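Just so it is clear, the structure is predicted and the values come from calculations on it, not from any experiment.
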Amino acid sequence: MSFSEFRPLDENSLIEYIKATPSLSSKIGHNYDGLKIKEVGDGNLNFVYIIVGPSGSFVIKQALPYIRCIGESWPMTKERAYFEAVALKQHGGLCPEHVPEVYHFDRTMSLIGMRYLEPPHIILRKGLIAGIEYPLLAEHMSEYMAKTLFCTSLLYQSTTEHKRAVAEFCGNVELCRLTEQVVFSDPYKVSEYNRWTSPYLDRDAETVREDNLLKIEVAELKSKFCERAQALIHGDLHTGSVMVTPDSTQVIDPEFAFYGPMGFDIGAFVGNLILAFFAQDGHAGQGNDRKSYKEWILKTIEDTWNLFHQNFTALWDEHKNDSGEAYLPAIYNNPELQKLIQEKYMKELFHATLGFGAAKMIRRIVGVAHVEDFESIKEANIRADCERRALELGKTLLKRRREFVSISEVISAMKHV
């Protein structure tokens, strides 16, 4: 069987493919007896197969040339698998503790073979819905974001390296356009794809579409997203792109990766934790009011930003005389100036984080793709109440992000919605 041109794999052809691929067959000790194959691609875009044998395991992810949940009527480039593989390898090289290893990539077949994150790993979003605490989450995610964002920026890279990388990732334009549409455009206009908890949020959705100030601010964020090639970002860093156990945190699915604004990644993660916070009242039941869990989420949000700030500035201090070309040591040559530059940079990054986080929250309530945190709340009126509070905070953060000085001020705003 030849795999010289693209075709979607099924279980039979998958086994043939593994047999023909030494880097995969060696992972299961070339042993095909008792192989268990399970297709788990519950996402919107891809086939995902888990392959487990007596002597080893791995995951195969294959991109389809259309959006799986919609079908062939919405074509989508399968080249995204290439960008995902490159991002996994680069981010994995910078932060191997929190990115699964890539064993194999086949550009023709749009297929990645990588480490299987075995149970008890689950998707973080599911853990947050179930009310499970992850004591190391903030520490791990802040480390992942600090290393991947700092080391792919001009604070660390030379202009030549950076430009070459930017040019390569410009090829991932289709997925960037998808983000532009669903995050920065659709929620602010009448679109066939938008939906919300109707009729409860009909007026709220309309208010978003009528808010001039909101539209002015979202235009600025869209322009940053499209024009600011700051670092190699994951591009879709929500709580469904992170797999966890109490002591392991693994970031998966960077198929939206490109050189964009750092705040988009940090904001996506923080914004999704904020959504999880507002969903908790809908998951509270007799015997568990989720109050202490909500406190844990608040602490995780605060720790995530504060530890990120600490890790990122520590990397900056450590590498300030290296080859990064953003701030040449010959110019920024005294501690006072370096401190001023760093403070200004981090303040701008904080405000970008809040803005992008807010935009991600708003689109999950009145846009095309929603989050299970809210969707799994059965009673529509209770769900709508939770969503409305999140939406109110999202609008406040987006319009007034520059008024917030610290993450603790965001936490207190969350408590007072």
Candidate pair T197 and E387, rule side chain to side chain donor-acceptor pair (under 3.5 Å), full reasoning: CA-CA 9 Å; T197 304; E387 289 175 318; 2.6 Å; yes
Test salt bridge (Lys or Arg N to Asp or Glu O under 4.0 Å) applied to E375 and R195, step by step: CA-CA 12 Å; E375 298 289 280; R195 57 186 188 83; 3.5 Å; yes
Worked verdict on S13 versus D10 for side chain to side chain donor-acceptor pair (under 3.5 Å): CA-CA 6 Å; S13 53; D10 56 26; 2.9 Å; yes
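With hydrogens and angles ignored, the 3.5 Å screen pairs a side-chain donor or acceptor of S142 with a backbone N or O of A138. The closest donor-acceptor contact from the side chain of D236 to the backbone of S241 lies at 3.5 Å or more, if one exists at all. For the pair N46 (side chain) and V48 (backbone), a donor-acceptor distance under 3.5 Å is absent. Judged by distance alone, with hydrogens and angles left aside, the side-chain atoms of R228 form no donor-acceptor pair with the main-chain N or O of F225 at under 3.5 Å. Judged by distance alone, with hydrogens and angles left aside, the side-chain atoms of H370 form a donor-acceptor pair with the main-chain N or O of G367 at under 3.5 Å. The backbone N or O of L175 lies less than 3.5 Å from a partner atom in the side chain of T179, making a donor-acceptor pair. Side chain of H91 to backbone of L232: a donor-acceptor contact under 3.5 angstrom is found.
Minimum heavy-atom separation, T148 to L94: CA-CD1, 4.0 Å. The two residues N31 and S55 come nearest to each other via the heavy atoms ND2-OG, 3.5 Å.
E372 has a carboxylate O that lies under 4.0 Å from a charged side-chain N of K126, or vice versa, which qualifies the two as a salt bridge. Ion pairing between a basic and an acidic side chain is recognised when a charged N comes within 4.0 Å of a carboxylate O; K147 and E143 show such pairing. A salt bridge does not link R164 with E168: none of the charged nitrogens is closer than 4.0 Å to a carboxylate oxygen. A salt bridge is defined here as a Lys NZ or Arg NE, NH1 or NH2 lying under 4.0 Å from an Asp or Glu carboxylate O, and E101 with K27 fails to meet this definition. Here E174 does not pair with R177 in a salt bridge; the nearest charged N to carboxylate O distance is not below 4.0 Å. In summary, E217 and R400 do not engage in a salt bridge, as defined by a charged side-chain N under 4.0 Å from a carboxylate O. By the 4.0 Å N-to-carboxylate-O rule, D317 lies too far from K320 to be salt-bridged with it.
Distance check: K399 NZ to R402 CZ gives 13.0 Å after rounding to the nearest 0.5 Å. In this structure, OG in S23 is found 8.5 Å from CZ in F58, a value given to the nearest 0.5 Å. Once rounded to the nearest 0.5 Å, the distance linking NE2 of H238 with CG of D265 reads 11.0 Å. Expressed to the nearest 0.5 Å, how far OG1 of T21 lies from CE of M109 amounts to 8.5 Å.
Of the residues L136, I132, L124, the one that meets the side-chain contact (heavy atoms from CB on, under 4.5 Å) test with V244 is L124.
In this pair, F356 and F264 present their aromatic rings perpendicular. The plane angle is above 60°, beyond the 30 to 60° band.
Relative to the six-membered ring of F374, R383 misses at least one condition, a distance below 6.0 Å or an angle of at most 45° to the axis.
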Sequence neighbours left out, cut at 3.5 Å: what donor-acceptor pairs do the side chains of residues 272-287 make with other protein atoms?
from: N272; atom 1: OD1; to: R125; atom 2: NH1; distance (Å): 3.2
from: N272; atom 1: OD1; to: R125; atom 2: NH2; distance (Å): 3.1
from: N272; atom 1: ND2; to: A268; atom 2: O; distance (Å): 2.8
from: Q280; atom 1: OE1; to: R290; atom 2: NH1; distance (Å): 2.6
from: Q280; atom 1: NE2; to: L128; atom 2: O; distance (Å): 3.2
from: Q280; atom 1: NE2; to: A276; atom 2: O; distance (Å): 3.1
from: D281; atom 1: OD1; to: K294; atom 2: NZ; distance (Å): 2.9
from: D281; atom 1: OD2; to: K294; atom 2: NZ; distance (Å): 3.4
from: D281; atom 1: OD2; to: R389; atom 2: NH2; distance (Å): 3.0
from: H283; atom 1: NE2; to: D373; atom 2: O; distance (Å): 2.7

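Annotation: F258 is not in aromatic contact with F83 [ring centroid separation under 6.0 Å not met].
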